[in-house]
Amino acid sequence: SVEILRGPQGTLYGRNTIGGLVSVRTKRPDGELNGNAQLTVGDHGRKEGRFAMNFPITDTLSGRISLLYKKYDGYNYNVTQDRDEGFQETVAGRATFQWKPTEKFDATLILDSDNEEGSGASMRNAGLTGNTFAALSPNVLTAVNDDPRVTYGNLPIFSKVDTWGATLEMNYDVGIGTITSVTGYREFDDNIASDYDASASTTTYYHGERLQKHHQFSEELRIASNGDGPWNYVAGVYYLNQKYHISNDQKFFLFVPALNTSLPIINGAQVASQENTAVAVFAQIDYNVTDALILTAGGRYSYEEKDFTNDPIGAVPQATFSDNWSDFSPKLGLSYKFSDEAMFYAQWQQGFRSGGFNGRANTLTSVGPYDAEKVNAYEAGLKTTLANGKLRFNLAAFRNVYSDMQTGTQGPILNSSGQVIGFESIVANAAQATIDGVELEANWNVGNGFTLNANVGYLDAHYDSF
């Protein structure tokens with residue numbers, strides 16, 4: 001099942017969920033022997049196969065496996081290398097085991113893996129007169145193909161991504177509530193090469209290759225009431241430890257029109273690593289004042305610390321940075337049920353995303369740290385069910401006011417003479433931003449498996465200051 005929630009969700013759904021989340025819950029074993037398969041073929045060499053099977057193991061243990069294979073040849077053609085680009089091959093799988101020895105206890109183990117290999121992002125130089133790479137752009141050269149799907153990069157590009165993870169969820173009904181433990185571990189590796197100048201020139205003007213490794217461990221322990229009485233609650237603690245290591249190998253030979261010269265080639269790698277530890281305590285209480293009116297109050301206290309080491313390109317020495325951030329994010333809300341078919345709700349909540357360091361910084365001055373991002377989120381809406389449950393109509397209006405919004409930007413790298421020798425991706429804090437919006441959605445179950453959906457949204461987003 002997939003659930004999409006708007007606005008901060010830190011009280012119940014975890015750290016750094018400042019703008020909303022997509023909650024995905026994979027299928028669990030049903031204890032029966034059944035399965036399904038799907039095959040798809042298409043143009044550009046598309047071949048796709050999906051397979052899933054449920055199976056019993058014992059009276060109390062059951063399993064489910066799902067597999068995916070996907071391949072396509074690509075949709076761009078590189079003239080210089082005489083090959084297609086945009087091709088990819090994916091192999092993925094998931095195994096789920098569920099154990100229910102008693103009515104009060106169950107445990108679910110999920111193992112997943114995903115391997116993706118391909119050409120990565122295909123690039124075409126779109127530089128215009130006055131731009132850094134204009135002299136290499138097909139837009140200012142003659143006798144080139146103007147088809148945007150034809151590219152000219154002289155260096156091979158590729159993308160290799162591997163990830164696997166394990167999750168163990170255990171639930172135990174203790175009478176006054178259910179205690180849940182969710183333990184997770186995940187590893188992620190990628191190796192991506194990009195030809196940024198995208199030219200046929202034998203000179204390497206701008207090429208990069210990234211190697212990245214990441215792993216994390218998390219644990220959440222919570223207790224939730226079973227819904228008896230006017231008070232319903234959820235309370236818990238959370239722990240996360242994650243580490244990553246990244247190497248950005250970059251090659252530069254930039255022609256600067258203003259100087260009418262090419263700057264020297266730079267061959268080197270920016271290497272960075274980080275360890276992040278986060279802990280949190282959270283709780284939410286719903287009080288049923290009447291059968292129609294429910295009041296909600298909750299909050300989450302978060303603390304994070306990060307140790308970041310950066311070794312930029314060139315003669316800049318390696319350095320280590322440390323910092324920490326903490327926050328309490330409250331939530332208040334109410335809902336009123338006019339009838340079984342109509343409900344009004346309103347809520348205010350704060351969200352928090354911790355600060356951090358720029359893992360791809362090529363200078364020590366651009367490492368950071370950048371500040372934590374915070375938001376005040378206001379929302380009110382109406383949910384209705386009409387026509388004997390066949391028609392659903394929902395209306396929501398919201399305002400999110402951000403402070404120290406974290407924004408990804410591109411910044412120039414300068415040498416000692418102030419000349420541009422490259423660019424780097426960094427995160428900066430935009431002082432304040434506001435997002436206002438209204439959403440209407442309708443769902444009509446016509447019958448015989450036929451459903452009509454309609455959605456209309458209006459969004460007004462702007463920086464109040466930057």
Side-chain angles (χ1 to χ4, degrees), residues 1-9 11-14 17-30 32 34-44 46-54 64 66-70 72 75 90 92 94 96 227 286 291-294 296 331 333-349 351 375 377-400 434-462:
S1 63
V2 178
E3 184 178 15
I4 301 175
L5 300 174
R6 180 177 49 248
Q9 303 294 330
T11 304
L12 296 181
Y13 285 93
T17 52
I18 192 168
L21 62 86
V22 178
S23 177
V24 179
R25 181 177 176 84
T26 59
K27 288 185 177 180
R28 300 300 193 256
D30 59 15
E32 304 292 333
N34 56 69
N36 59 80
Q38 176 181 316
L39 296 175
T40 303
V41 295
D43 58 1
H44 297 289
R46 180 184 176 187
K47 303 176 184 67
E48 185 173 324
R50 299 171 184 265
F51 172 79
M53 174 174 285
N54 293 289
R64 176 183 172 85
S66 56
L67 303 172
L68 166 68
Y69 176 79
K70 181 170 60 176
Y72 52 88
Y75 42 84
T90 300
R94 182 173 58 248
T96 306
D286 295 327
D291 291 339
L293 177 63
I294 300 176
T296 299
K331 175 181 180 177
L334 64 85
S335 64
Y336 186 81
K337 185 181 294 186
F338 299 102
S339 65
D340 291 337
E341 291 77 31
M343 181 195 74
F344 168 82
Y345 71 93
Q347 63 184 21
W348 162 77
Q349 54 189 330
V375 63
Y378 311 86
E379 182 176 349
L382 184 68
K383 296 181 179 292
T384 63
T385 302
L386 308 172
N388 296 320
K390 293 186 176 182
L391 176 64
R392 292 202 309 269
F393 178 81
N394 299 326
L395 169 67
F398 58 91
R399 161 170 282 199
N400 295 336
T434 300
I435 301 175
D436 295 316
V438 177
E439 291 185 356
L440 296 91
E441 59 179 10
N443 177 280
W444 179 25
N445 184 6
V446 180
N448 296 321
F450 187 55
T451 302
L452 292 177
N453 296 290
N455 296 273
V456 177
Y458 171 79
L459 197 65
D460 178 18
H462 58 273

Are Asp43 and Tyr72 packed together at the side-chain level, in the sense that at least one heavy-atom pair is separated by less than 4.5 angstrom? no
Heavy atoms of Arg64 and Ala52 approach each other most closely as NH2-CB, 3.5 Å
What are the two closest heavy atoms between Ala377 and Asn400, and how far apart are they? CB-OD1, 3.2 Å
Keeping Asp30 on the side-chain end and Glu32 on the backbone end, is there a donor-acceptor pair under 3.5 Å? yes
Measuring from atom OG1 of Thr385 to atom CZ of Phe393, what distance do you get when rounded to the nearest 0.5 angstrom? 12.0 Å
Side-chain touch Thr26/Arg28, heavy atoms, less than 4.5 angstrom: yes
Measuring from atom CG of Leu67 to atom CZ of Arg94, what distance do you get when rounded to the nearest 0.5 angstrom? 10.0 Å
Nearest heavy-atom approach of Phe344 to Gly381 is CD1-O, 3.3 Å
Non-hydrogen atoms of Leu39 and Gly49 that approach each other most closely: CD2-CA, 4.0 Å
4.5 Å side-chain heavy-atom contact, Phe398 and Ile435: yes
Spacing of CG belonging to Asn443 relative to CG belonging to Leu452, to within rounding of 0.5 Å: 8.5 Å
Leu382 side chain near Phe338 side chain, heavy-atom distance below 4.5 Å: yes
For Asn394 and Glu441, test the side chains for any donor-to-acceptor distance below 3.5 angstrom and give the result as yes or no. yes
Candidates Arg50, Glu48, Lys70 - the one meeting side-chain contact (heavy atoms from CB on, under 4.5 Å) with Thr40: Glu48
Is the number of heavy atoms from other residues, nucleotides or ligands under 6.0 Å of Asp291 CG greater than 12? no
Near Asn388 CG, under 6.0 Å, is it more than 12 heavy atoms from other residues, nucleotides or ligands? no
Heavy-atom count check: over 12 atoms from other residues, nucleotides or ligands less than 6.0 Å from Trp348 CH2? yes
Distance (rounded to the nearest 0.5 Å) between Lys337 NZ and Leu293 CG: 12.0 Å
Find out whether Tyr458 and Leu440 are in side-chain contact, i.e. whether some heavy atom of one side chain is under 4.5 Å from a heavy atom of the other. no
Can you name the nearest heavy-atom pair linking Ala387 to Leu391, along with the distance? CB-CB, 4.2 Å
d(Gln347 CD, Leu334 CG) to nearest 0.5 Å is 9.5 Å
Find out whether Thr434 and Arg399 are in side-chain contact, i.e. whether some heavy atom of one side chain is under 4.5 Å from a heavy atom of the other. yes
To the nearest 0.5 Å, what is the distance between CG on Asn445 and CZ on Phe450? 10.5 Å
